[in-house]
Engineer: 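Can you read through this structure? Questions will come right after.
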Amino acid sequence: MDTASIRKRNHGEDPRKIQPSSNTQSSSAGILLQEKTANLDGRIVCLFLMLLYGAIWLLIHWRISQFPTPLDPKDAKPSDFVEKRARTHLDKLTQLGPRVAGSASNFAAEKYILGEIGKVKAACNPTHTFEVDVQTVSGTFVMDFEALGIGKYASVYENQKNILVKLGPSGSNDSVLINCHYDTVIDSPGASDDAVSCCVMLEMLRALSRDEKSLRHNILFLFNGAEENILQASHGFITQHRWASTVRAFVNLDSAGAGGWELLFQTGPEHPWLIETYIASTPYPHTSVMGQEIFQSGLVPSDTDFRIFRDYGHIPGLDIAHIRNGYVYHTRNDLPEFVEPGCLQRAGENLLALLQGLVSSPLLTNPGDYRHGSLVFFDFIGMFVVAYPKRLAVVLNWIAIAAVFTAVVLKRLRNPQKAERGQKLVHLVNAIGAVIVTWGVLLLTAVAMALMMTWIGRDMSYFTYPFNIVWLFVLPSVAAAISFHLLLKRVLYQGWSGQEVAALILEANLVVWSVILAVLTFNNIMSAYIPLMLIVFPGLSHVMAKLLKLGVPNDSMQLTQIVIGTALPLAYIMYIGSTVLTFFIPIMGRVGTEEKPDVSISLMTLLPITAVLPFQLGLVYSSHHVGAVIKGLLAVALLGVLAVIFTPLGFPFGTREQSSQQRINIVHADRQFHSKSGEVIKRESSLWLKPFDHKGYSQLEKELPDVFAQAQPGTCEGTYCGRPYLYPMLSRLDARKTIDLPAPFLNVPRVNVRLLNDTYILPEVRRMVFEMTGPDHVTIFFTPTPKAHVVRWTFGHGEPVFVSTLDDVDDTHFIYYAYGEKPTKPFEFSIDFYMDPTLPRDSVVVDMGFSGHYMHGEHQWTEPMLRLHHRLPPWTVSLGWSATYDAFQF
């Protein structure tokens with residue numbers, strides 16, 4: 001029975017005004033009325049929506065698994081990109097092993113790349129000029145990681161290597177730069193990070209050099225040998241090489257995973273013609289401005305050479321990376337086998353077309369008005385790309401906001417009676433409150449589940465089995481949201497027809513998303529296109545239903561309208577949500593001890609659901625058997641949670657084949673503490689185990705109780721906790737949450753430090769000049785005494801910078817020093833200290849720590865480290881090195 005017939009039976013009265021003789025009768029009548037007007041079976045509606053979500057997920061999964069068929073070299077033209085050739089390079093580079101800057105394998109990789117470049121040059125078409133250069137660079141700069149909570153530190157490098165090729169016409173002084181790095185982190189063969197990119201570049205260089213058509217401008221191929229030293233070699237190129245001044249735009253290639261679609265996740269600054277060229281040129285685009293805003297927000301504990309070219313070269317560019325299977329990133333599992341067939345073919349065809357598009361564009365030399373402004377851009381499941389200027393986005397956003405509020409105001413004013421208008425306004429405010437509370441219910445339920453799983457020690461259960469997020473976070477939250485609306489149906493909307501409540505809920509959602517859209521637009525957030533979707537498509541569906549006279553009180557039509565209005569936003573949000581989770585779930589295995597990963601993942605999981613589900617919750621008011629739906633969702637969730645708690649399904653880590661192993665960092669650390677006179681007053685040696693994730697070593701301790709019976713908790717004493725940190729990660733990896741295992745003293749050369757000069761250059765400024773020798777990776781930490789501070793030094797731009805610490809000491813400094821070829825003379829540096837006049841002139845002014853890191857060669861892995869490594873369970877993957885630490889007072 002529909003609402004219209006009920007109104008006729010009650011002489012035209014609004015069913016909301018029916019007043020039975022008692023409260024009990026009122027409640028019963030209201031619920032009975034709703035049940036009679038609820039024509040939809042909630043169980044069928046729920047099943048239908050689950051099938052819809054499942055079908056969209058399958059479509060997304062199918063799409064992102066599609067790759068072009070690799071070309072057969074026999075059938076390819078000389079100027080075609082051929083994956084097989086690139087894979088040959090990949091196999092040979094990874095067979096060299098880890099290629100840490102300064103290692104023999106790094107020099108071997110340089111030799112291999114130069115050899116292949118020589119072969120390409122020999123077969124180059126005469127229409128091109130082909131120049132090769134090997135650059136040896138030294139320099140210093142400052143890295144700013146304050147967005148990550150790390151602070152700033154100084155980077156110093158000597159004798160690092162770059163290999164460069166310039167391909168182009170004769171006489172051009174304008175170039176497009178494309179960059180990869182052939183070095184790796186410790187213990188990693190670096191197939192994806194970043195040998196894949198270098199191998200793709202070698203094959204592109206071959207293909208372009210064989211093309212009979214001359215290039216309009218130059219393409220510079222930069223194979224840099226020290227990116228993993230935190231972007232050192234690229235800094236040397238862009239600030240020192242003679243070709244750097246010709247670069248008008250760049251393409252940076254890197255990786256945070258293995259295989260999959262390469263993602264354009266960062267562009268600019270400004271220069272919208274770059275992304276327009278990418279969209280017009282590439283056959284398989286995959287990009288989103290949302291990725292750019294996430295990456296630049298500091299949520300990602302990483303960076304790329306893009307930052308160096310942008311900040312130190314002041315050049316616009318594109319940043320492209322593979323992000324699938326981030327489990328193997330920076331581990332010994334980063335092997336060619338994890339890069340699926342077709343991945344290199346796709347990347348090669350895309351990048352080859354992109355380079356040709358960029359180098360042919362007249363905007364390369366003179367962007368004109370295209371030098372300014374930004375684009376909103378995103379692809380839809382790899383099918384097509386939407387892009388429009390940011391200034392147009394602002395206009396469209398405000399039009400959508402105005403349209404929603406105009407429609408709402410007109411609807412409120414339509415009734416000439418003031419009391420009715422006021423009542424409608426109250427109804428709208430209540431519905432807006434209901435939407436906001438729904439969001440709170442969804443997110444709080446997910447966070448509560450995350451905290452519960454963390455409390456019982458079953459956090460990170462989605463790390464190997466991502467589908468666990470369904471019963472851990474999705475189903476309980478959805479059940480809680482439906483329960484909340486069932487409560488509203490029986491209390492606040494008692495006696496209302498389902499269509500009226502659903503229309504009101506839709507209107508409230510549009511208002512709320514309009515407010516969010518206004519806030520994002522005001523703050524120049526280009527990802528505001530997502531709220532715009534959530535306004536435009538549901539709104540248009542509602543308007544079309546009215547225009548086509550489908551808005552009759554019919555629950556099935558209402559279901560159709562809601563599904564049509566939310567289908568496209570749902571598909572896109574599931575697509576972008578899937579990409580975000582694919583990227584961030586592996587990061588939870590290396591985010592450090594201070595994060596609660598389940599809370600982060602629960603929020604990332606629920607945000608897409610929070611966006612779309614409230615539009616669909618209006619169906620609760622048009623459906624019966626809603627309680628059965630809630631019970632069904634909770635039953636499945638309970639079974640899943642029990643499986644996570646009591647079966648291996650909840651164990652966070654997997655095997656090498658699954659890639660999702662726990663990272664174990666083993667450092668054989670030999671620490672010496674010196675008196676002011678230089679004598680050793682304390683010496684300790686241990687296997688220092690640093691956890692990469694929130695689980696720490698709780699699982700490992702159960703596997704190796706005899707080993708951990710000898711463990712001592714980590715201590716924090718001295719500058720930067722008196723520990724040989726390689727990177728400035730103390731604020732994210734608390735030394736007090738590490739452990740020490742007994743180990744003998746090291747027999748390796750230590751960092752040798754001499755104070756060459758100690759003088760007052762001004763009455764209150766004391767200059768200390770130091771000389772240092774050591775291995776090819778050294779970190780320096782120092783903290784002045786409370787009545788002194790650094791005013792000048794020889795690092796970076798000369799102005800001191802500060803690194804974050806555990807106790808928020810705001811006067812601690814971190815210097816990262818590395819070399820490729822061994823320097824012929826010691827490294828010399830000076831520090832100027834302001835001295836409080838009350839300090840004696842010969843007083844101790846600074847506590848300093850020097851760590852030498854042996855990251856390759858015979859001293860890297862010691863016997864105790866190897867014994868522990870061989871006992872580790874198969875769900876772990878280790879990396880390690882030996883390090884010295886010497887603390888001094890000067």
Engineer: Between Arg590 (side chain) and Arg663 (backbone), is there a donor-acceptor pair under 3.5 Å?
Structural biologist: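 Not a single qualifying donor-acceptor pair exists.
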Engineer: Tell me whether Tyr720 contacts the main-chain N or O of Leu730 through its side chain, where contact means a donor paired with an acceptor under 3.5 Å.
Structural biologist: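 The answer is yes, because a donor-acceptor pair under 3.5 Å joins these two groups.
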Engineer: Determine whether a donor-acceptor pair (N or O, by modelled atom type, separation under 3.5 Å) exists between the side chain of Glu340 and the backbone of Gly260.
Structural biologist: yes
Engineer: Do the side chain of Ser804 and the main chain of Ile150 share a donor and acceptor less than 3.5 angstrom apart?
Structural biologist: yes
Engineer: Do the side chain of Thr445 and the main chain of Ser477 share a donor and acceptor less than 3.5 angstrom apart?
Structural biologist: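 Such a contact is absent between Thr445 side chain and Ser477 backbone.
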Engineer: Can you tell me if Ser851 uses its side chain to pair, donor with acceptor, with the backbone of Tyr885 under 3.5 Å?
Structural biologist: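 Not confirmed, Ser851 side chain does not pair with Tyr885 backbone.
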Engineer: More than 12 non-hydrogen atoms from neighbouring residues, nucleotides or ligands closer than 6.0 Å to NZ on Lys596, yes or no?
Structural biologist: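 It does not: Lys596 NZ has 12 such atoms or fewer within range.
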Engineer: Any luck finding a side-chain donor-acceptor pair between Gln658 and Thr464 under 3.5 Å?
Structural biologist: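 No - no donor-acceptor pair under 3.5 Å links their side chains.
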Engineer: Verify the distance criterion only: is there a donor paired with an acceptor across the side chains of Asn229 and His777 at less than 3.5 Å?
Structural biologist: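 Result is yes, a qualifying pair exists.
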Engineer: Do the side-chain N and O atoms of Ser155 and Gln232 include a donor-acceptor pair separated by under 3.5 angstrom?
Structural biologist: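 On atom types as modelled, these side chains qualify, holding a pair under 3.5 Å.
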Engineer: With a 6.0 Å cut-off (strictly less than), is the heavy-atom count around CD of Glu863, excluding the residue itself, greater than 12?
Structural biologist: no
Engineer: Could you go through Phe692 and Leu733, starting from their C-alpha distance and side-chain angles, then the distance that decides it, and tell me whether this counts as side-chain contact (heavy atoms from CB on, under 4.5 Å)?
Structural biologist: CA-CA 8 Å; Phe692 278 96; Leu733 206 164; 5.5 Å; no
Engineer: Quiz question: by atom type and distance under 3.5 Å, do the side chains of His856 and Asp776 form a donor-acceptor pair?
Structural biologist: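 Yes, a side-chain donor-acceptor pair sits under 3.5 Å.
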Engineer: If we check ring-ring contact (aromatic ring centres under 6.0 Å, His included) with Phe781, which of these qualifies: Tyr727, Tyr153, Phe814?
Structural biologist: Phe814
Engineer: Are the side chains of His89 and Cys198 in contact, using a 4.5 Å heavy-atom criterion?
Structural biologist: no
Engineer: Test Cys343 against Phe67 for side-chain contact (heavy atoms from CB on, under 4.5 Å), laying out the working first.
Structural biologist: CA-CA 6 Å; Cys343 174; Phe67 295 93; 4.2 Å; yes
Engineer: Under the ring-ring contact (aromatic ring centres under 6.0 Å, His included) criterion, do Tyr572 and Phe378 qualify, and how do the steps go?
Structural biologist: CA-CA 10 Å; Tyr572 180 76; Phe378 58 93; 5.2 Å; yes
Engineer: Quiz question: by atom type and distance under 3.5 Å, do the side chains of Asp254 and Thr304 form a donor-acceptor pair?
Structural biologist: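 Checked: Asp254/Thr304 side chains show no N/O donor-acceptor pair below 3.5 Å.
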Engineer: Applying salt bridge (charged side-chain N to carboxylate O under 4.0 Å, His left out), can you list everything that pairs with Lys695, at least two apart in sequence or on another chain?
Structural biologist: Asp459
Engineer: Quick one: sort the Trp875 and Phe653 rings into parallel, tilted or perpendicular, breaks at 30° and 60°.
Structural biologist: parallel
Engineer: Would a distance-only check, ignoring hydrogens and angles, find a side-chain to backbone donor-acceptor pair under 3.5 Å from Thr331 to Val328?
Structural biologist: yes
Engineer: Please confirm whether the backbone N or O of Ser234 pairs with a side-chain atom of Asn224, one donor and one acceptor, at under 3.5 Å?
Structural biologist: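 Looks like no, no N/O pair under 3.5 Å.
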Engineer: I'd like to know if the side chain of Thr779 reaches the main chain of Tyr725, judged simply by a donor and an acceptor atom lying under 3.5 Å from each other, with no hydrogens or angles considered.
Structural biologist: yes
Engineer: Quick one about Asn252 and Asn179 (side-chain donor to acceptor, distance below 3.5 Å, no hydrogens or angles considered), yes or no?
Structural biologist: yes
Engineer: Please report the interatomic distance CD1(Ile186) to CD(Glu228), rounded to the nearest 0.5 Å.
Structural biologist: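 Going from the CD1 atom of Ile186 to the CD atom of Glu228 covers 12.0 Å.
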Engineer: Is a donor from one side chain sitting under 3.5 angstrom from an acceptor on the other, for Asp193 and His181?
Structural biologist: yes
Engineer: Would you please say whether a donor-acceptor pair under 3.5 Å links the side chains of Asp194 and Ser255?
Structural biologist: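 Ser255 and Asp194 do not have a side-chain donor-acceptor pair below 3.5 Å.
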Engineer: Are Leu351 and Ile320 side-chain neighbours, meaning at least one heavy-atom pair lies under 4.5 Å?
Structural biologist: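 Yes; the side chains approach each other to less than 4.5 Å.
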Engineer: Is it the case that the side chains of Ser878 and His869 hold a donor-acceptor pair, with the cut-off being a distance below 3.5 Å and no angle test?
Structural biologist: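 Yes, a side-chain donor-acceptor pair sits under 3.5 Å.
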Engineer: Between Gln661 and Pro874 (side chain of the first, backbone of the second, donor and acceptor by atom type, cut-off under 3.5 Å), is there such a pair?
Structural biologist: yes
